[in-house]
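What's counted below: heavy atoms across the whole structure, side chains too, no hydrogens, waters or symmetry copies. Numbers for residues simply follow the sequence, beginning at 1.
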Amino acid sequence: MRWSLDDLKRLETDCPCGQRHQAIPLEHLEVGPGALANAAAWIQARYRRVVLVMDEHTRAAAGDALAQGLTHIGVLWTACLIEPNAQGDVVADERSIVQALIAAGPDVEALVAVGSGTLHDIARFASYKMRIPFVSVPTAPSVDGFTSAGAPLIVRGIKTTYQTQAPIALFADTDVLERAPRELVWAGFGDVMGKSTSLADWAFGAIAAGEPYCAHLAGLTREALEMAVAQADGLACARTDAIRSLMEALILSGIVMLLFGQSHPASGGEHHLSHDWEMEFLRSGRRQILHGLKVAAACGVIADVYHVHVEDAVAEAVRAGQAPWASLAGREEEVRAIVASIPSGDHVRSLMRRIGAPAEPSELGVERSLVSASLKRAHKLRNRYTMLRLLNETNAL
């Protein structure tokens with residue numbers, strides 16, 4: 001890794017931006033071969049009884065091996081196999097959270113998330129409510145939320161992110177990651193690609209509405225993006241070093257969110273579009289699409305829309321004196337620079353196709369009418385001053 005956990009922890013109080021950031025509760029971070037066995041030993045040194053939060057697929061990928069290792073060294077464990085919904089998807093919703101809470105009795109000292117981002121969100125929320133720690137054991141380089149404190153949950157059909165807690169330790173075994181289905185690797189790459197527009201939305205919100213911002217943390221997120229893009233050819237053929245580099249990029253992005261205390265660095269209009277698609281699929285009873293694949297497709301859409309409409313929308317808002325966007329008067333060059341920093345939608349799509357992944361919403365089963373509807377309502381999902389919000393509030397779309 002180009003960075004260490006200690007380096008990132010120093011940013012809590014000693015960031016070049018001069019601000020104090022949130023504490024990183026991670027005590028141990030390990031990416032490499034043999035990490036799964038080391039996870040069992042680390043757990044045994046601290047806890048007597050744990051719950052393994054898994055699904056059937058992640059149990060086979062790593063859960064059984066971890067359980068065997070824990071049994072061998074005398075740690076008591078219970079398996080909580082999160083059940084899929086009627087469509088066959090494991091979803092971080094009220095039903096899944098209750099299942100995890102029921103599995104964890106009063107003598108349980110920690111939860112262990114074995115698997116995907118969804119399973120981590122379930123374990124993250126349940127452990128937070130129980131006031132016990134949780135340990136992260138990713139089984140695929142699929143999302144950047146493994147180390148973050150935010151838990152995106154579906155509550156009464158609405159996607160809402162709750163600030164809970166980060167894991168106390170993370171063990172990403174590259175032998176496990178290399179066996180992950182290629183679709184999950186595509187999703188991880190797609191989640192990182194979303195930073196192409198989220199970073200621009202974060203910078204825009206700072207100058208348009210005074211949202212909190214840190215240039216150094218933005219630089220680290222851009223480094224994560226560049227790390228992943230540099231591995232596109234290696235990911236196309238599932239090279240070991242490329243898989244590891246992608247996992248490290250995802251972890252870095254998650255830790256930046258943790259330091260900042262909010263998801264601004266890694267989630268902008270592209271994530272809002274993705275969340276809207278997810279909720280519509282839930283409402284209509286359709287199988288879910290992997291988060292990162294939705295994010296990448298939405299990133300391409302958002303990039304195209306921003307390049308076409310943002311500068312004119314700012315000019316109109318300034319002319320009309322429309323708050324808060326009128327505050328951009330005299331800062332038009334900064335807006336142009338932000339928009340110019342966004343790659344074209346074609347570039348985003350070409351990178352996804354380079355690794356063999358789908359790139360267009362239509363290739364994911366997201367119809368054009370849903371894309372159009374989402375562009376006009378997704379900005380309401382979060383109270384963020386994104387360029388998508390600007391375009392809607394100025395009737396530019």
Side-chain angles (χ1 to χ4, degrees), residues 158-161 193-215 218 221 260 262-280 294-349 360-362 366-397:
I158 302 296
K159 185 91 168 187
T160 305
T161 297
M193 283 305 303
K195 312 322 165 210
S196 303
T197 45
S198 70
L199 284 169
D201 267 331
W202 188 21
F204 178 79
I207 67 168
E211 289 189 322
Y213 185 78
C214 171
T221 301
F260 188 64
Q262 300 181 67
S263 63
H264 291 67
S267 174
E270 76 298 322
H271 270 69
H272 303 162
L273 221 60
S274 168
H275 293 333
D276 191 78
W277 296 348
E278 180 177 352
M279 291 188 298
E280 179 57 32
K294 293 198 299 286
V295 166
C299 180
V301 171
I302 288 288
D304 288 336
V305 168
Y306 285 2
H307 277 292
V308 171
H309 294 293
V310 165
E311 288 186 41
D312 288 344
V314 168
E316 176 58 26
V318 168
R319 185 197 64 77
Q322 182 180 355
W325 317 113
S327 64
L328 292 168
R331 309 192 74 171
E332 289 85 354
E333 283 300 322
E334 292 177 73
V335 173
R336 289 190 192 97
I338 289 170
V339 174
S341 73
I342 302 171
S344 69
D346 283 343
H347 181 71
V348 173
R349 288 183 284 270
E360 298 273 5
S362 60
V366 179
E367 61 273 19
R368 185 176 299 178
S369 60
L370 176 54
V371 174
S372 297
S374 297
L375 284 169
K376 293 186 177 182
R377 69 190 181 205
H379 66 287
K380 299 176 183 177
L381 291 174
R382 301 286 184 274
N383 186 25
R384 299 277 180 84
Y385 289 90
T386 62
M387 286 177 273
L388 184 59
R389 179 171 175 176
L390 160 79
L391 297 180
N392 277 277
E393 293 188 352
T394 57
N395 296 313
L397 291 179

* To do: Rounded to the nearest 0.5 Å, what's the gap from CG on Leu390 to CG on Leu328? Could you check?
  => 7.5 Å
* To do: Check whether any side-chain heavy atom of Asp201 lies under 4.5 Å from a side-chain heavy atom of Tyr306, and answer yes or no.
  => yes
* Within-4.5 Å side-chain heavy-atom neighbours: Glu311 and Arg336 -> yes
* **For the student: nearest non-hydrogen atoms of Pro265 and Thr221, plus distance** => O-CG2, 3.6 Å
* **Rounded distance [0.5 Å steps], CD in Glu367 versus OG in Ser369** => 4.5 Å
* **Working for side chain to side chain contact (heavy atoms under 4.5 Å, CB included), residues Leu381 and Lys159** => CA-CA 8 Å; Leu381 291 174; Lys159 185 91 168 187; 5.7 Å; no
* Test item: Ser267 and Arg382 side chains (from C-beta on) under 4.5 Å apart, heavy atoms -> no
* Going through the checks in order, is the side chain to side chain contact (heavy atoms under 4.5 Å, CB included) test met by Ile207 and Ile338? -> CA-CA 10 Å; Ile207 67 168; Ile338 289 170; 3.9 Å; yes
* Asked: Between Glu270 and Ser198, is there a donor-acceptor pair closer than 3.5 Å when you use the side chain of the first and the backbone of the second?
  -> yes
* To do: May I have the step-by-step check of side chain to side chain contact (heavy atoms under 4.5 Å, CB included) for Arg389 and Trp325, ending in yes or no?
  => CA-CA 10 Å; Arg389 179 171 175 176; Trp325 317 113; 3.9 Å; yes
* **Distance (rounded to the nearest 0.5 Å) between His309 NE2 and Asp304 CG** => 9.5 Å
* Min side-chain heavy-atom separation Ser341-Leu199 under 4.5 Å -> no
* Asked: Taking atom NE2 of His275 and atom OG of Ser374, what is their separation to the nearest 0.5 Å?
  -> 12.0 Å
* Structure fact -> On a heavy-atom basis, the closest approach of His307 and Val339 is CE1-O, 3.1 Å
* Side chains of His264 and Arg384, donor plus acceptor under 3.5 Å -> yes
* To do: Heavy atoms only: give me the nearest Ala298-Ser274 pair and the separation to one decimal.
  => CB-N, 4.3 Å
* Structure fact -> Rounding to 0.5 Å, atoms CE (Met279) and CZ (Arg377) come to a distance of 7.5 Å
* In sequence, state the C-alpha distance, the side-chain angles, and the governing distance for Thr161 and His271, and then conclude on side chain to side chain contact (heavy atoms under 4.5 Å, CB included). => CA-CA 12 Å; Thr161 297; His271 270 69; over 6 Å; no
* Structure fact -> Given the options Val348, Leu391, Leu375, Thr386, Ile302 meets side-chain contact (heavy atoms from CB on, under 4.5 Å) only with Leu375
* Asked: Are side-chain heavy atoms of Trp277 and Val371 found at a separation under 4.5 Å?
  -> yes
* Search all heavy atoms of Ala208 against all heavy atoms of Ser327 and return the closest pair with its distance. => O-OG, 2.8 Å
* Structure fact -> Heavy-atom closest pair (Phe204 atom, Tyr385 atom, distance to 0.1 Å) is CD2-O, 3.4 Å
* Where do Val295 and Gly194 come nearest, in terms of heavy atoms and distance? -> CG1-CA, 3.7 Å
* Evaluate the side-chain proximity of Glu316 to Thr394: yes if any heavy-atom separation is below 4.5 Å, no if none is. => no
